[in-house]
Amino acid sequence: MSIVTNVMEAAKDETSAVLWKTVHRVVFPTDGDTDTLPLYVDFNAAQRVVDDQHRSARAGAGTTAVVAQHSTQRSDFIVDRRSLRLPAYRRISFGTYFNAFPASYWRAHTDVAQVRLTVKVDAEATVVIYRSSARGTSNRVQSVHADAGSSVAVDLPITAFGDGGWYWFDLVALDSDVTLQRAEWSVPQPEGFAAGTLSVAVTTFNRPDYCVRHLSTFAESEDLLGVLDRLIITDQGTQKVRDQEGFDEAAARLGDKFTLLEQGNLGGSGGFARGMHETVNDGRSKYVMLLDDDVLVETEGILRAANFADFTRKPTIVGGHMFNLYERAVLHSFGEEVNEYRYFWGPVSNTFEAHDFSSSNLRTTPWMHRRVDVDFNGWWMCLIPTSIIREIGLALPVFIKWDDAEYGIRAKAHGFRTVSLPGAAVWHMPWTEKDDTIDWQAYYHQRNRWLAAMLYSPYKHGGRMPRESFAVDVRHLLSMQYSAVELRLNALEDLLDGPSHLHATIGAKLPEIRKRRADFDDARINKNIAEFPDVKRVKPPKKGIKPTPPRTLRSALVKAGTGALRQVRPARPEASVRPEANVPAMDARWWRLSQLDSALVSSADGSGASWYKRDSAKFQSMLKRSIVLHQRLLARWDELAEEYQRALPEFTSQQAWAETFENASPAESAGKSSK
């Protein structure tokens, strides 16, 4: 049962002397960007959550229904960061990603039993409160009349949110315009409660403009400054942050709350490990938040993550979600997990990637009302208690890839949970426009996946992962992507060297990788496609039938077998003079490329193209090398796994990282001279 009271600006319940802590404020964007408005305000208040059964009946089994929204986003309603003006006889809903309260997450991870909704308005209005179930059905809790100039406070239980569910409210204007002056969700503070402060650690490589924007964003948020000990930027690039226009002014606004560090390029894991290391040694912060350099930040999300962490039963990693910087209402993923048999990451079961809130808001997306439990959270935005760092160590010394996933799995092995908290998020550049599995990052994808599997896989010899690894090599070879295979094989060779290579090579491996790739045609991207010879197909497809993707395992094996037989024959000489086909990046699949002797393949970002050329000798030598290396790794799996597991506490320790930091000399500036 809820309790309703009319209160003014009070932080204390007069009847029970309970102190209430605001943990989730209703906020609005103030930049006029209507693309983000669906994340904050829902102008289709008449729509209701539909349950899965009805949804499936309309959409068909195994499909996802999209409820079209036909409303005009009205940014002119917004008064300021916390206020909104609603015309007479209008109704809006705050059952949205940023402004609904994720009750089930508080129920699962804290001892909080109730939440208080406080709404302040300047004119008579009606506040209609709803809750949802884990199945995605909505239930009206109650309707409350708010007098002009009053605050309505409603206490709501969260004990029945075991598997999922949210709270939210609709605001209804009566016969006059009404301004929502503020609204917030608060929870009772336990006796002896002390809020934690945090440091924010950003690692950057040649993105000084983004970093200066971070400085300004933090400096302009008084609420954020109240909990911030330090913003730490670790600059690992040649385009120095300190040389960026506007840096001095932005840094001065933060004063002693800002620290700029410069070191050699140790990748994301090295930069974030430095931020962890500095925060722990400083000793002031209860938390360190890892934050990507190339993101737009919703500062309220940082506050929510810290507030949530303050109330968890035991130290908990609290991550934020990632929205698409180019399609700002599109959510990348609602939660991440690792398939232990494949040892590969992906979205949590029963969730969907790339969800567009402008097409289906929170209230009309049933699957999003079920609580999602994750294995890890991406380090685009992730808050980690310093107590966890002291116990389990810093990041893996792996440069990039798998550092965030491994840390969540390592924390889980030590009894610490990770929560991807709805309402805490950033906007990040999507990686759907590139394929980093075939560029220089192929080395890190391969080595670090094997390393993570050796550290944590519960299956003998890593389950299906080694078979998938070999199949990927074959796929790349059939596609004439020899540079990617070269890097993947080098990754396995380094893995066989044991744990000592991790710190020893972290700062020096990338130049070696770039040098190796330079020897391969498929790695050379020419941005001037007019310089390539005209395309000419010497021999047309048999009977004019174009290659099609295999639909069954048997057809895939047949296509792979015929493609492999083709690879052992010398390529037609004409194919080295003129490419046989133009192949868009999205169509550059093994079942198509394996039928060609050469092809112009566009880069994933559309900036140029590479001339792939089939090489029978390379195919055969790399295939043999892949077979040998996979056999060696499987033969030594138990030995290597034990060796890496035994060394894990050492190579993630502060001492090991401190030595690496000391040896990582900062790169020379490519911009202005040092100030």
Can a side-chain donor-acceptor contact be found between S420 and N377 if the only test is distance below 3.5 angstrom? yes
Q.
Test side-chain contact (heavy atoms from CB on, under 4.5 Å) on V338 and I409; report intermediate values, then the result.
A. CA-CA 9 Å; V338 173; I409 298 165; 3.7 Å; yes
Legend entry - Greater than 12 external heavy atoms within 6.0 Å of I529's CD1: no
Once the angle between the rings of W427 and F323 is folded into 0 to 90°, is it parallel (under 30°), tilted (30 to 60°) or perpendicular (over 60°)?
tilted
CG of D356 to CG of L331, rounded to nearest 0.5 Å, is 10.0 Å
Does D373 pair with R371 as a salt bridge, N-O distance under 4.0 Å?
yes
### Query
Is there a donor-acceptor pair under 3.5 Å between the side chain of S603 and the backbone N or O of S607?
yes
So CZ of R578 and CG of L600: to nearest 0.5 Å the spacing works out to 11.5 Å
* T351 side-chain N/O to P347 backbone N/O, donor-acceptor pair under 3.5 Å -> no
Presence of salt bridge, D436 and K401, under 4.0 angstrom: yes
Indicate whether any N or O donor in one side chain lies under 3.5 Å from an N or O acceptor in the other, for H445 and T437. no
Between L39 and R328 the two heavy atoms that sit nearest each other are CD1-O, 3.4 Å
In this structure, CG of L648 is separated from CD of Q645 (nearest 0.5 Å) by 8.5 Å
I would like to know whether L496 and L633 meet side-chain contact (heavy atoms from CB on, under 4.5 Å); could you show each step before the answer? CA-CA 7 Å; L496 286 162; L633 279 164; 3.5 Å; yes
- Message: Would you say E406 and Y456 are linked by a side-chain donor-acceptor pair, where the criterion is simply a distance under 3.5 Å?
- Response: yes
request  = Please check if atom CZ in R410 has more than 12 non-hydrogen atoms from other residues, nucleotides or ligands closer than 6.0 Å.
outcome  = yes
For N526, the side chain to side chain donor-acceptor pair (under 3.5 Å) test, sequence neighbours excluded, returns E531
Worksheet item: When the ring planes of Y644 and F651 are compared, do they come out parallel, tilted or perpendicular, using 30° and 60° as the limits?
Response: perpendicular
Test side chain to side chain donor-acceptor pair (under 3.5 Å) on H332 and N324; report intermediate values, then the result.
CA-CA 7 Å; H332 164 62; N324 188 327; over 6 Å; no
In this structure, CG of L593 is separated from CE of M480 (nearest 0.5 Å) by 5.0 Å
Distance-only side-chain donor-acceptor flag, Y443 / N448, under 3.5 Å:
no
- For the pair E580 and K536, evaluate salt bridge (Lys or Arg N to Asp or Glu O under 4.0 Å) and give the outcome as yes or no after the intermediate values. CA-CA 5 Å; E580 290 189 319; K536 183 178 181 181; over 6 Å; no
Query - W591 and S555, any side-chain heavy atoms less than 4.5 Å apart - result: no
Quiz item: Do the side-chain N and O atoms of H321 and Y97 include a donor-acceptor pair separated by under 3.5 angstrom?
Solution: yes
Smallest heavy-atom separation, A585 atom then S602 atom, equals N-OG, 2.8 Å
Less than 4.0 angstrom from a charged side-chain N to a carboxylate O is my criterion; do K613 and D597 meet it? no
- Message: Which label fits F399 and Y444: parallel for a plane angle under 30°, tilted from 30 to 60°, or perpendicular past 60°?
- Response: parallel
Here the pair of heavy atoms bringing D293 nearest to T204 is OD2-OG1, 2.8 Å
One should read off an interatomic distance between Q595 CD and R614 CZ, to the nearest 0.5 angstrom, of 10.0 Å
Original post:
How far apart are the C-alpha atoms of E643 and R646, what are their side-chain angles, what is the distance that settles it, and do they pass the salt bridge (Lys or Arg N to Asp or Glu O under 4.0 Å) test?
Top reply: CA-CA 5 Å; E643 189 177 350; R646 187 171 58 249; 5.6 Å; no
Run the side chain to side chain donor-acceptor pair (under 3.5 Å) check on T96 and D42 step by step: do they pass?
CA-CA 7 Å; T96 57; D42 187 351; over 6 Å; no
(message) Is there a side-chain contact between R464 and R342 in this structure, where contact means two heavy atoms from C-beta onward sitting under 4.5 Å apart?
(response) yes
Rounded to the nearest 0.5 Å, the CG atom of L421 sits from the SG atom of C382 at a distance of 11.5 Å
Exercise: do W450 and S469 side chains pair donor with acceptor under 3.5 Å: yes
Heavy atoms of I438 and Y612 approach each other most closely as CD1-OH, 4.1 Å
**Q.** N/O donor-acceptor pair under 3.5 Å between S626 side chain and M622 backbone
**A.** no
May I ask you to test the L477-L623 pair for a side-chain heavy-atom distance under 4.5 Å?
yes
Exercise. Taking the side chain as every heavy atom from C-beta outward, state whether L487 and I513 have any atom pair closer than 4.5 Å.
Key: yes
Check this for me: does any side-chain nitrogen of one of D163 and R370 sit under 4.0 Å from a carboxylate oxygen of the other? no
Query raised in the report: Less than 4.0 Å between a side-chain N and a carboxylate O, is that true for K509 and E512?
Result: yes
query: Will you find, in the side chains of T365 and S360, an N or O donor that is under 3.5 Å from an N or O acceptor?
result: yes
Item to check | Donor-acceptor contact below 3.5 Å, side chain H501 vs main chain G498 | outcome: yes
key: Pi-cation contact, W440 with R514 (under 6.0 Å, within 45°)   = yes
Point to revise | Check: W367 and H355 side chains under 4.5 Å, non-hydrogen atoms | key: yes
Are more than 12 heavy atoms, taken from residues, nucleotides or ligands other than E574, located less than 6.0 Å from that residue's CD atom? yes
In short, D292 meets H428 closest at the heavy-atom pair OD2-NE2, 3.0 Å
So the salt bridge (Lys or Arg N to Asp or Glu O under 4.0 Å) pairs with at least one residue in residues 478-493 (sequence neighbours excluded) are D473-R488, E486-R516, E486-R625, E493-R625
For A405 and W345, the nearest pair of non-hydrogen atoms, with its separation, is CB-CE3, 4.3 Å
(request) Answer yes or no: is there a side-chain heavy-atom contact under 4.5 Å between L290 and M381? (result) no
